[in-house]
Amino acid sequence: MIKRETYMNRIRPFIGNDLIKVLTGMRRSGKSVMLELIQDELVAEGIDASRFVKFNFEDMKNLPFLTAKALHDEVEARISAIKGKAYLFFDEIQEVADWEKCVNSLRVAFDCDIYITGSNAKLLSGELATYLAGRYVEFVIYPFSFAEFFELYGSVFPQTTKQEVFTKYLHYGGMPYLGNLRFEDTPSQIYLQDLFNSIVLKDIVKRNAVRDVDLLERIIAYVFAGVGTTFSAASVSKYFKSERRFAAPETVMNYIGYCVDAFLFYQVRRQDLQGKKLLTVNEKYYAADHGIREAVFGGNEKDVNLILENVVYMEMLRRGYRITVGKIGTREIDFICEKQAEKLYIQVAYLFASEDTLRREFGVYDSIRDHFPKYVVSLDEFDMSRNGIKHRNIKDFLLASDWG
């Protein structure tokens with residue numbers, strides 16, 4: 001089991017206090033394992049596991065507890081047998097109707113430490129979430145980073161090189177369960193396809209009562225094909241019209257929004273660096289896991305430049321940065337990453353095949369006059385830093401703890 005210390009470092013300061021710990025993220029991204037890691041941490045601190053009350057609401061045996069009242073009564077009965085603080089773990093809590101009422105009541109009535117997981121970004125944005133306002137802290141759990149994938153893959157195949165592992169990462173992506181399949185092609189592809197279908201059916205179609213599933217799947221395919229490229233709902237609608245398929249721009253945006261809520265995609269807004277404002281049209285979207293894209297739609301090898309960009313975007317998201325795309329006239333900087341007082345710029349390239357490519361990728365920074373770090377990352381092995389702009393090999397960039 002990969003310890004995922006990046007997340008544990010964030011969660012650890014809140015263990016034992018009365019804030020509800022909420023772990024969100026895409027289905028099968030490792031939220032349940034994080035609950036296990038938290039339990040291991042508690043046991044290591046001397047907490048007896050008999051004080052844990054655990055529910056996984058995708059387990060059929062918990063079907064009787066899918067309402068707030070039924071769950072509250074069951075938890076109350078179990079807590080009554082515990083001496084001292086109880087530790088409550090609710091996995092995929094969104095399956096429980098009015099779950100916020102139950103969780104808030106437990107928080108008020110008992111001496112307990114509460115942890116919940118859910119697979120929807122709007123888990124805490126509904127009307128009922130007012131019950132928990134100011135009483136929770138949220139952690140988003142992402143698929144494996146390259147560093148985590150490297151650790152897992154190396155535990156299965158110890159003799160592989162960094163380059164070999166990176167090639168596998170570009171193909172398979174970062175879903176944690178792939179290690180159980182020893183990254184074998186056919187089982188891994190079937191698993192990722194089934195996972196995609198589960199996300200679409202359970203977290204998008206069922207949750208949002210989507211009626212036109214065929215249109216939804218076509219929109220998802222469109223977004224997957226163009227990860228990292230700008231487009232508008234109107235342009236998607238126009239494209240479908242050319243394919244003799246009607247899709248109103250509002251419907252397109254609603255369906256993409258459902259996918260974002262299910263953590264299938266992430267939306268990135270564009271920032272006009274000259275006008276110093278956020279642009280409200282033509283956002284970009286990146287896939288939460290590029291391995292799902294490859295398994296379902298293929299093309300990672302053909303679109304490797306887009307996939308590298310996707311990988312870097314997700315890495316910066318994992319590290320807690322707020323990310324926008326920078327627009328300067330007709331040119332773009334791939335990522336502007338900000339966190340507290342920290343800021344850096346990143347341009348992602350495939351390979352520097354010519355001097356023209358070098359000038360283009362480094363030259364995008366010509367009009368940026370501030371002193372924040374500026375990077376160009378690519379698959380090239382040799383350091384091509386110039387004019388104060390740092391070049392990094394993408395594998396080394398992803399594995400670095402910082403970028404000094």
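Keep in mind the model is a prediction, meaning the values are calculated, not measured.
Asp289 places a side-chain N or O within 3.5 Å of a backbone atom of Gly291 that can act as its donor or acceptor partner. With hydrogens and angles ignored, the 3.5 Å screen pairs a side-chain donor or acceptor of Asp212 with a backbone N or O of Leu215. Although no hydrogens or angles enter the test, the distance criterion places a donor-acceptor pair under 3.5 Å between the side chain of Asn208 and the main chain of Ile204. Of the possible polar contacts, none joining the Asn305 side chain to the Tyr350 backbone as a donor-acceptor pair under 3.5 Å is found. Of the possible polar contacts, none joining the Ser237 side chain to the Ala233 backbone as a donor-acceptor pair under 3.5 Å is found. Proximity of a side-chain donor or acceptor of Lys31 to a complementary backbone N or O of Thr24 within less than 3.5 Å is not detected. Between the side chain of Ser188 and the backbone N or O of Glu184 there is at least one donor-acceptor pair closer than 3.5 Å. Side-chain atoms of Asn104 never come within 3.5 Å of backbone atoms of Glu100 as a donor-acceptor pair (strictly under, hydrogens ignored). Distance alone, capped at 3.5 Å, is enough to place a donor-acceptor pair between the Asn300 side chain and the His290 backbone. Panel note: side chain Asn393, backbone Asp380; a donor-acceptor pair is recorded below 3.5 Å.
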Kindly indicate, with the supporting measurements, whether the criterion side chain to side chain donor-acceptor pair (under 3.5 Å) is fulfilled by Tyr87 and Gln39. CA-CA 9 Å; Tyr87 296 83; Gln39 291 164 29; over 6 Å; no
Start with the C-alpha gap between Phe246 and Phe240, add the side-chain angles, then the distance that decides, and say whether ring pair (Phe, Tyr, Trp, His ring centres under 6.0 Å) holds. CA-CA 6 Å; Phe246 176 75; Phe240 283 122; over 10 Å; no
Decide salt bridge (charged side-chain N to carboxylate O under 4.0 Å, His left out) for Asp214 and Arg245; before the verdict, give the C-alpha distance in whole Å, the side-chain angles of both, and the deciding distance to 0.1 Å. CA-CA 10 Å; Asp214 178 69; Arg245 187 74 163 81; 3.1 Å; yes
Please lay out, stage by stage, how Tyr191 and Tyr177 fare under the test ring pair (Phe, Tyr, Trp, His ring centres under 6.0 Å). CA-CA 9 Å; Tyr191 169 74; Tyr177 191 78; 5.1 Å; yes
Walk me through whether Arg12 and Glu41 qualify under salt bridge (charged side-chain N to carboxylate O under 4.0 Å, His left out). CA-CA 9 Å; Arg12 204 169 273 124; Glu41 184 107 352; 2.4 Å; yes
If you apply the rule salt bridge (charged side-chain N to carboxylate O under 4.0 Å, His left out), what do you find for Arg135 with Asp18, and how did you get there? CA-CA 8 Å; Arg135 298 168 182 138; Asp18 61 356; over 6 Å; no
Would you please test Glu164 and Lys168 for salt bridge (charged side-chain N to carboxylate O under 4.0 Å, His left out) and show each step? CA-CA 6 Å; Glu164 289 170 338; Lys168 295 292 185 183; over 6 Å; no
Go through the steps to decide whether Ile220 and Phe297 satisfy the test side chain to side chain contact (heavy atoms under 4.5 Å, CB included), and finish with yes or no. CA-CA 10 Å; Ile220 291 173; Phe297 299 102; 4.3 Å; yes
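Taking all atoms of both residues into account, the shortest heavy-atom contact from Glu294 to Glu301 is OE1-N, 4.4 Å. Residues Asp185 and His171 share a closest heavy-atom pair of OD1-NE2, 4.2 Å. The shortest heavy-atom contact between Leu358 and Arg386 is CD1-NH2, 3.6 Å. The two residues Ala287 and Val227 make their nearest non-hydrogen contact at N-CG1, 4.0 Å.
Remark: the Ser354 side chain and the Asp356 side chain contain no N/O donor-acceptor pair separated by less than 3.5 Å. Neither side chain, Tyr131 nor Asp98, offers a donor N or O lying under 3.5 Å from an acceptor on the other. Using modelled atom types, one finds a donor on one side chain and an acceptor on the other under 3.5 Å when comparing Gln163 with Thr167.
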Return all side-chain donor-acceptor pairs below 3.5 angstrom for residues 140-160, not counting sequence neighbours, or 'none' if the list is empty.
{"residue": "Ser145", "atom": "OG", "partner": "Ala147", "partner atom": "N", "Å": "3.4"}
{"residue": "Ser145", "atom": "OG", "partner": "Glu148", "partner atom": "N", "Å": "3.1"}
{"residue": "Glu148", "atom": "OE1", "partner": "Arg4", "partner atom": "NH2", "Å": "3.1"}
{"residue": "Glu148", "atom": "OE1", "partner": "Ser145", "partner atom": "N", "Å": "3.0"}
{"residue": "Glu148", "atom": "OE2", "partner": "Arg4", "partner atom": "NE", "Å": "2.9"}
{"residue": "Ser155", "atom": "OG", "partner": "Leu152", "partner atom": "O", "Å": "2.5"}
{"residue": "Thr160", "atom": "OG1", "partner": "Phe157", "partner atom": "O", "Å": "3.0"}

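Counting heavy atoms from C-beta outward, Leu71 and Trp99 have side chains that stay 4.5 Å or more apart. Residues Leu344 and Met316 meet the side-chain proximity criterion, which asks for heavy atoms closer than 4.5 Å.
Between Tyr222 and Tyr255, the ring center distance fails the sub-6.0 Å criterion. Remark: aromatic rings of His391 and Phe382 are distant, center separation not under 6.0 Å. Tyr266 has its ring centre no less than 6.0 Å from the ring centre of Tyr286. Side-chain rings of Tyr285 and Phe231 approach one another, their centers coming within less than 6.0 Å. Aromatic ring centres of Tyr7 and Phe139: separated by at least 6.0 Å. Aromatic rings of Tyr345 and Phe372 (six-membered ring for Trp) have centroids beyond the 6.0 Å cut-off, not under it.
To the nearest 0.5 Å, the span separating CD1 on Ile323 from CG on Asp334 amounts to 11.5 Å. One finds the NZ atom of Lys302 at 9.5 Å from the CD1 atom of Ile307 (value rounded to the nearest 0.5 Å). Rounded to the nearest 0.5 angstrom, Ile292 CD1 and Gln193 CD are separated by 11.0 Å. Interatomic distance, Arg322 CZ to Glu338 CD, rounded to the nearest 0.5 Å: 5.5 Å. Of the inter-residue distances, the one linking Met253 atom CE with Ser232 atom OG reads 9.0 Å to the nearest 0.5 angstrom.
Between Lys162 and Asp396 a salt bridge is recorded (basic side-chain N to carboxylate O distance below 4.0 Å). Under the 4.0 Å criterion applied to side-chain N and carboxylate O atoms, Glu243 and Arg218 are not assigned as salt-bridge partners. Ion pairing of Asp113 with Lys21 is present here, as a side-chain N (NZ or NE/NH1/NH2) and a carboxylate O approach within less than 4.0 Å. Salt-bridge check for Lys85 with Asp111: passed, with a basic side-chain N closer than 4.0 Å to an acidic carboxylate O. Between Glu332 and Lys284, at least one side-chain nitrogen of the basic residue sits less than 4.0 Å from a carboxylate oxygen of the acidic one, meeting the salt-bridge criterion. A salt bridge links Lys395 to Glu381: at least one charged side-chain nitrogen sits closer than 4.0 Å to a carboxylate oxygen.
Results of the side-chain hydrogen bond (donor to acceptor under 3.5 Å, both in side chains) test with Ser119 over Arg27, Glu95, Glu92 single out Glu92 as the only residue that passes.
Gln340 CD: 12 or fewer foreign heavy atoms inside a 6.0 Å radius.
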